[in-house]
Undergrad: 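Quick one: the structure is below, and I'll ask about it shortly.
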Amino acid sequence: MSDIKVLKAGLCVTIQDIGRIGYQQFGIPVSGVMDEYAFTVANYILGNDKNNAVFEIPFMGPSLQFDFDVSIAITGATIQAKINDRDVSMWQSINVKKGDILEIGSAKGGFRSYLAIAGEIDVPVVMGSKSTLLKSKLGGFEGRQLKVGDITKIKNPRTLTKRKNLERKYIPEYKHEIDVRIVLGPQDDYFEKESIEKLFLSSYQVTKDADRMGIRLNGEVIKHKDKADIISDAAVFGSIQVPGNGQPIILLADRQTTGGYTKIGTVIKADLPKLAQVLPNDKINFIKIDIAEAQKEYKKFYQVLDEIRESFVEKPRIYTERQLYVMKKLFGKRIEK
């Protein structure tokens, strides 16, 4: 078994994968990574399974010491990372040697970064997932964030023989004002028409009350026709609740499974990674689209990830007839195409 020792803990580093699917009916939140795009790309760079657990790093990173050789990848929020005081780049594979110390600084753009390992983080699988749910002390490393002195074990570590870089066109740019597309409903009929129109004409500011459960926004008041409360129903990643004060709350990965506030809309799948990267005081502009458009964007989101996965697959070299002839003359034997 190979070990990673935590020398400095960072802000709130946890182990996450895609989440705990199929347990919301029992009151267990899905949890999982906040930025599925950055998470998946990190694993694809290393040739991992797309749901391989990673370290999710909000804003300020840890210092980690490796007692084995392995390849890693860092994606997501723009951060300064160093190995033995030497700068290393993001969105590519990095080879780490036994005894190396990886230091991850604070985010310069965006909020959450991801550290993937070419191997498997050896923590228990709880209800089909290794994800950490902090409020329930469930999953991950003893159900909590990493702290100084912790030792995380890695199974089946690998070192890549060839460096892999993500093409620049696939690297997101993290801005302080973002457009977020939403589909109205399921309770949009509970709101005054003028307020719904204002939702799409105003910018909403991210408050300091933002974590893995949700983001409280501040901006134009959204008025209800009658009351804000409903009989509790299902909540999803991206549900936009509006309580009695008329200020929206966007529910995120660690959200409760049900909610009793009216929901004016839902953020589409393709724009959820943007929410993972916002900072307090950032601005959000809501854009209305219909279900058909949302479905197209859903497919496009995964098509792009499929393109990225394929870009890292080693393809056999194709030789021309002339090249085959020359090689045959040089090496004195038949070369197959």
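Any value given below was found using the heavy atoms of this structure, including those in side chains, with hydrogens, waters and symmetry copies removed.
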Undergrad: Are the side chain of Arg20 and the backbone of Pro29 linked by a donor-acceptor contact shorter than 3.5 Å?
TA: no
Undergrad: Check this for me: Glu173, atom CD, are more than 12 non-hydrogen atoms of other residues, nucleotides or ligands nearer than 6.0 Å?
TA: no
Undergrad: Among Gln277, Lys274, Gln16, which one satisfies side chain to side chain donor-acceptor pair (under 3.5 Å) with Asp35?
TA: Gln277
Undergrad: Please enumerate all residues that pass side-chain contact (heavy atoms from CB on, under 4.5 Å) together with Asp226, with sequence neighbours excluded.
TA: none
Undergrad: Check whether any side-chain N or O of Ser239 sits under 3.5 Å from a backbone N or O of Val236 as a donor-acceptor pair, and report yes or no.
TA: yes
Undergrad: Quick one: do Glu36 and Tyr302 satisfy side-chain hydrogen bond (donor to acceptor under 3.5 Å, both in side chains)? Show the steps, please.
TA: CA-CA 10 Å; Glu36 185 178 347; Tyr302 286 109; 2.9 Å; yes
Undergrad: Decide, yes or no, whether a salt bridge links Lys175 with Asp282 under the criterion of side-chain N to carboxylate O below 4.0 Å.
TA: no
Undergrad: Roughly how far, to the nearest 0.5 Å, is the OG atom of Ser311 from the CG atom of Leu166?
TA: 6.5 Å
Undergrad: Between Asp306 and Arg309, does any side-chain N to carboxylate O distance fall below 4.0 Å?
TA: yes
Undergrad: Within the structure provided, determine whether Phe200 and Leu184 are in side-chain contact (heavy-atom separation under 4.5 Å).
TA: yes
Undergrad: Report whether Val54 and Phe141 are members of the same hydrophobic cluster (ILVMFWY, side-chain heavy atoms less than 4.5 Å apart, transitive linking).
TA: no
Undergrad: Would the number of heavy atoms belonging to other residues, nucleotides or ligands and lying under 6.0 Å from CD1 of Ile171 be above 12?
TA: yes
Undergrad: In Å, rounded to the nearest 0.5 Å, how long is the span from CG of Asp209 to CG of Asn218?
TA: 10.5 Å
Undergrad: Applying side-chain contact (heavy atoms from CB on, under 4.5 Å) to Ile182 and Ile287, what does each step give before you reach the verdict?
TA: CA-CA 6 Å; Ile182 72 172; Ile287 297 173; over 6 Å; no
Undergrad: Salt bridge between Glu142 and Arg144, side-chain N to carboxylate O under 4.0 Å?
TA: yes
Undergrad: Can you tell whether the side chains of Lys82 and Glu103 come within less than 4.0 Å, N to carboxylate O?
TA: no
Undergrad: Hey, could you give me the CZ/CG distance between Phe191 and Leu199, rounded to the nearest 0.5 Å?
TA: 9.0 Å
Undergrad: Rounded to the nearest 0.5 Å, what separation is found between the CG atom of Leu138 and the CE atom of Met127?
TA: 6.0 Å
Undergrad: Can Asp179 and Ile284 be said to form a side-chain contact (heavy atoms from CB on, under 4.5 Å), step by step?
TA: CA-CA 6 Å; Asp179 293 336; Ile284 294 177; over 6 Å; no
Undergrad: Please check if Ile15 and Val33 belong to a single hydrophobic cluster, counting links between Ile, Leu, Val, Met, Phe, Trp and Tyr side chain heavy atoms closer than 4.5 Å.
TA: no
Undergrad: Can you tell me how far the OH atom of Tyr114 sits from the OH atom of Tyr37, to the nearest 0.5 Å?
TA: 13.5 Å
Undergrad: For a 4.5 angstrom cut-off between non-hydrogen side-chain atoms, does Arg212 reach Arg112?
TA: yes
Undergrad: Any side-chain heavy atom of Thr14 sitting closer than 4.5 Å to one from Leu146?
TA: no
Undergrad: Same cluster for Leu272 and Ile240 if Ile/Leu/Val/Met/Phe/Trp/Tyr side chains link at under 4.5 Å?
TA: yes
Undergrad: Ignoring hydrogens and geometry, is there a side-chain-to-backbone donor-acceptor pair from Lys198 to Val221 under 3.5 Å?
TA: no
Undergrad: Ile289 and Val267: same hydrophobic cluster, using ILVMFWY side-chain contacts below 4.5 Å?
TA: no
Undergrad: Between Asp122 and Lys153, does any NZ, NE, NH1 or NH2 come within less than 4.0 Å of an OD or OE carboxylate oxygen?
TA: no
Undergrad: Distance from Gln187 atom CD to Gln241 atom CD, nearest 0.5 Å?
TA: 9.0 Å
Undergrad: One thing to verify: whether Arg181 and Asp271 come together as a salt bridge, which I'm taking to mean a side-chain N less than 4.0 angstrom from a carboxylate O.
TA: yes
Undergrad: Is there a donor-acceptor contact under 3.5 Å from the side chain of Asp67 to the main chain of Asp3?
TA: yes
Undergrad: Taking NZ, NE, NH1 and NH2 as the nitrogens, is one of them in Glu297 or Lys300 under 4.0 Å from a carboxylate oxygen of the other?
TA: yes
Undergrad: Please check if the side chain of Ser71 supplies one atom and the backbone of Leu160 the other of a donor-acceptor pair under 3.5 Å.
TA: yes
Undergrad: We want to know whether Glu120 and Asn52 form a side-chain donor-acceptor pair, criterion being a heavy-atom distance below 3.5 angstrom.
TA: no
Undergrad: Determine, stepwise, if the pair Tyr190 / His224 fulfils ring-ring contact (aromatic ring centres under 6.0 Å, His included).
TA: CA-CA 6 Å; Tyr190 279 59; His224 299 82; 8.2 Å; no
Undergrad: Is Phe301 linked to Met34 within one hydrophobic cluster, defined over Ile, Leu, Val, Met, Phe, Trp and Tyr using a side-chain heavy-atom separation of less than 4.5 Å?
TA: no
Undergrad: Show your reasoning for whether side-chain contact (heavy atoms from CB on, under 4.5 Å) applies to Ile4 and Phe68.
TA: CA-CA 8 Å; Ile4 299 175; Phe68 60 105; 3.8 Å; yes
Undergrad: Show your working on side-chain contact (heavy atoms from CB on, under 4.5 Å) between Ile18 and Phe39 and close with a plain yes or no.
TA: CA-CA 9 Å; Ile18 203 63; Phe39 158 73; 4.1 Å; yes
Undergrad: Within a radius of less than 6.0 Å around NZ of Lys223, do more than 12 heavy atoms belonging to other residues, nucleotides or ligands occur?
TA: no
Undergrad: So Asp69 and Thr159, side-chain hydrogen bond (donor to acceptor under 3.5 Å, both in side chains) or not? Walk me through it.
TA: CA-CA 7 Å; Asp69 295 353; Thr159 300; 5.5 Å; no
Undergrad: Using modelled atom types and a 3.5 Å cut-off, is there a donor and acceptor pairing between side-chain atoms of Lys8 and backbone atoms of Val148?
TA: no
Undergrad: Between Val180 and Leu275, is there a side-chain heavy-atom distance shorter than 4.5 Å?
TA: yes
Undergrad: Check whether more than 12 heavy atoms from other residues, nucleotides or ligands sit under 6.0 Å from atom OH of Tyr261, and answer yes or no.
TA: no
